[in-house]
Amino acid sequence: MSDWLIYRGAGAPHDGIEHLPPPPPWRDFDGGPLVAPPAALDPSSERRLGVQHREASHHRPGETERELVNAALYLRRPLLVTGAPGSGKSTLAHSVAYELGLGRVLGWPVVSRSTLCDGLYDYDAIGRLQDLQIARAAPAAAESGAAPGPDPTDEPGGGIGRYIRLGPLGTALLPAARPRVLLVDELDKSDIDLPNDLLNVLEEGEFRIPELERLAGSAPEVEVLSDDGARVTVRDGRVRCHAFPFIVLTSNGERDFPAPLLRRCIHLHIPVPDKERLAAMVRAHFGEGAAERYEAVIDRFLDREPGDVRAVDQLFNAIHLTQRAGWTDEDEEETRRRLTAELMRPLDRTR
């Protein structure tokens with residue numbers, strides 16, 4: 001039965017994505033010429049990615065989690081992941097990207113002011129206007145002996161591409177041979193309109209940039225900047241995917257979503273982590289043997305009253321403090337116990 005699994009949750013990279021079957025006819029997209037894969041990351045980004053890969057390599061999803069991830073891959077549908085804070089919702093996106101070799105996860109952290117355009121692209125109209133004004137003043141500057149700067153109007157479309165940068169969602173929808181992984185984090189914190197605004201983009205796998213559409217007759221191809229920092233070509237002001245991205249929408253359950261959005265998604269609920277899963281998380285953050293060394297702290301984290309809410313970050317804080325403080329004798333052990341209890345106080349209690 002496991003032969004159909006493209007994502008196996010084993011924590012080791014493999015080429016399973018090459019065996020992903022064709023999409024359903026209603027989810028088959030025909031984006032234009034394929035864009036090049038993302039370039040190598042800078043050293044600081046590599047370090048961050050290394051930390052994410054370490055966590056991803058220790059992520060061990062349950063059977064239901066594996067099956068629903070693969071359902072989303074097969075059906076080319078977004079995965080709506082709900083669960084308590086710290087249950088591993090975001091780590092799942094990194095686990096899929098790491099195991100299937102899909103590159104850097106594109107991250108869109110949602111806040112109450114986020115709009116659909118924030119995820120698609122940004123147009124710096126003020127910067128363009130300022131540069132045009134400087135270019136127009138160049139002849140007078142040249143007469144005074146000053147060296148003229150570059151004229152943005154010499155580029156296709158009057159240089160408009162220099163002022164447009166695709167957002168994480170816009171970059172995920174670029175036509176690529178392999179799907180990109182996009183993490184839309186904490187969608188439940190958004191304005192009430194954003195889930196509905198996402199519907200058409202998630203259904204059609206494309207979006208339009210009006211500023212470029214207006215110039216399509218004179219400049220059908222314009223280079224813009226992607227979220228990866230690379231120059232990519234947008235044709236006729238339209239971005240349409242070739243391989244539908246693997247999109248993870250996370251929610252802490254602070255609100256309900258409209259039925260049209262739920263219909264377009266595969267819904268996965270991640271339960272509160274059990275001891276085995278917590279141990280894997282602790283190993284990912286603190287190294288091999290850490291789960292056994294701090295088993296008492298893990299047990300203290302799991303020892304809660306019915307209905308108590310705790311986040312895994314609280315467990316990590318308690319372990320890190322125990323590590324760094326170097327408590328060893330009996331007097332310090334009492335301090336460790338007391339502070340651990342304070343750090344892991346249920347989130348739904350204020351006293």
Side-chain angles (χ1 to χ4, degrees), residues 31-33 35-45 48 103-176 180 182-185 189-191 193-194 197-198 200-201 206-241 245:
V35 298
L41 299 172
D42 60 79
S44 62
S45 297
R48 288 196 299 273
R104 180 180 75 93
V105 173
L106 297 163
W108 181 14
V110 173
V111 297
S112 59
R113 301 177 302 280
S114 296
T115 66
L116 177 61
C117 196
D118 294 333
L120 295 177
Y121 73 98
D122 175 67
Y123 172 47
D124 185 6
I126 294 177
R128 187 183 183 212
L129 177 60
Q130 290 173 337
D131 286 351
L132 288 172
Q133 291 172 337
I134 293 172
R136 287 169 185 157
E143 291 178 6
S144 66
D151 186 352
T153 60
D154 290 340
E155 301 176 23
I160 191 173
R162 298 172 60 189
Y163 308 95
I164 292 178
R165 179 168 187 147
L166 300 181
L169 175 55
T171 299
L173 292 173
L174 286 168
R180 292 298 301 271
L182 170 66
L183 173 62
V184 184
D185 208 13
K189 286 184 166 50
S190 73
D191 178 85
D193 293 325
L194 182 57
D197 293 342
L198 282 168
N200 189 61
V201 174
E206 70 173 20
F207 69 98
R208 298 178 184 274
I209 302 176
E211 293 83 358
L212 298 185
E213 277 191 304
R214 290 193 287 269
L215 301 172
S218 58
E221 296 188 354
V222 176
E223 279 196 349
V224 303
L225 201 63
S226 74
D227 191 67
D228 295 312
R231 306 297 298 185
V232 294
T233 300
V234 174
R235 293 169 176 82
D236 299 321
R238 186 182 80 149
V239 174
R240 181 174 174 83
C241 70

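Treat the numbers as computed from the prediction; the structure is a model and nothing was measured.
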For the residue pair [X] and [Y], what are the closest heavy atoms and their distance?
X	Y	answer
Pro109	Ser114	O-OG, 4.2 Å
Pro175	Pro33	CG-O, 3.5 Å
Gly170	Val239	O-CG1, 4.0 Å
Gly119	Trp108	N-CZ2, 3.6 Å

Just jot down the side chain to side chain donor-acceptor pair (under 3.5 Å) partners of [X], sequence neighbours excluded, or say none.
X	result
Ser190	Arg255
Asp236	none
Thr115	Asp118

With [X] via side-chain contact (heavy atoms from CB on, under 4.5 Å) - residues at least two apart:
X	answer
Asp124	Ile126, Tyr163
Leu116	Leu120, Leu169, Leu194, Asp197, Leu198, Val201
Val232	Leu166, Leu174, Val224, Ser226

Going by salt bridge (charged side-chain N to carboxylate O under 4.0 Å, His left out), name the pairs with one or both residues in residues 209-219, residues two or more places apart or in two chains. Arg208-Glu213
Can you tell me how far the [atom1] atom of [X] sits from the [atom2] atom of [Y], to the nearest 0.5 Å?
X	Y	atom1	atom2	result
Leu182	Thr171	CG	OG1	9.0 Å
Ile209	Ile164	CD1	CD1	5.5 Å
Arg231	Arg162	CZ	CZ	8.5 Å
Tyr123	Leu212	OH	CG	9.0 Å

In chain order, what residues pass the salt bridge (charged side-chain N to carboxylate O under 4.0 Å, His left out) check against Arg240, with sequence neighbours excluded?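 So Arg240 forms a salt bridge (charged side-chain N to carboxylate O under 4.0 Å, His left out) with Asp30, Glu206.
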Go through the steps for Leu215 and Ile160 under the test side chain to side chain contact (heavy atoms under 4.5 Å, CB included), then give the verdict. CA-CA 10 Å; Leu215 301 172; Ile160 191 173; 3.8 Å; yes
Under-4.0 Å salt bridge between Arg180 and Asp227: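 Answer for the salt bridge query: no.
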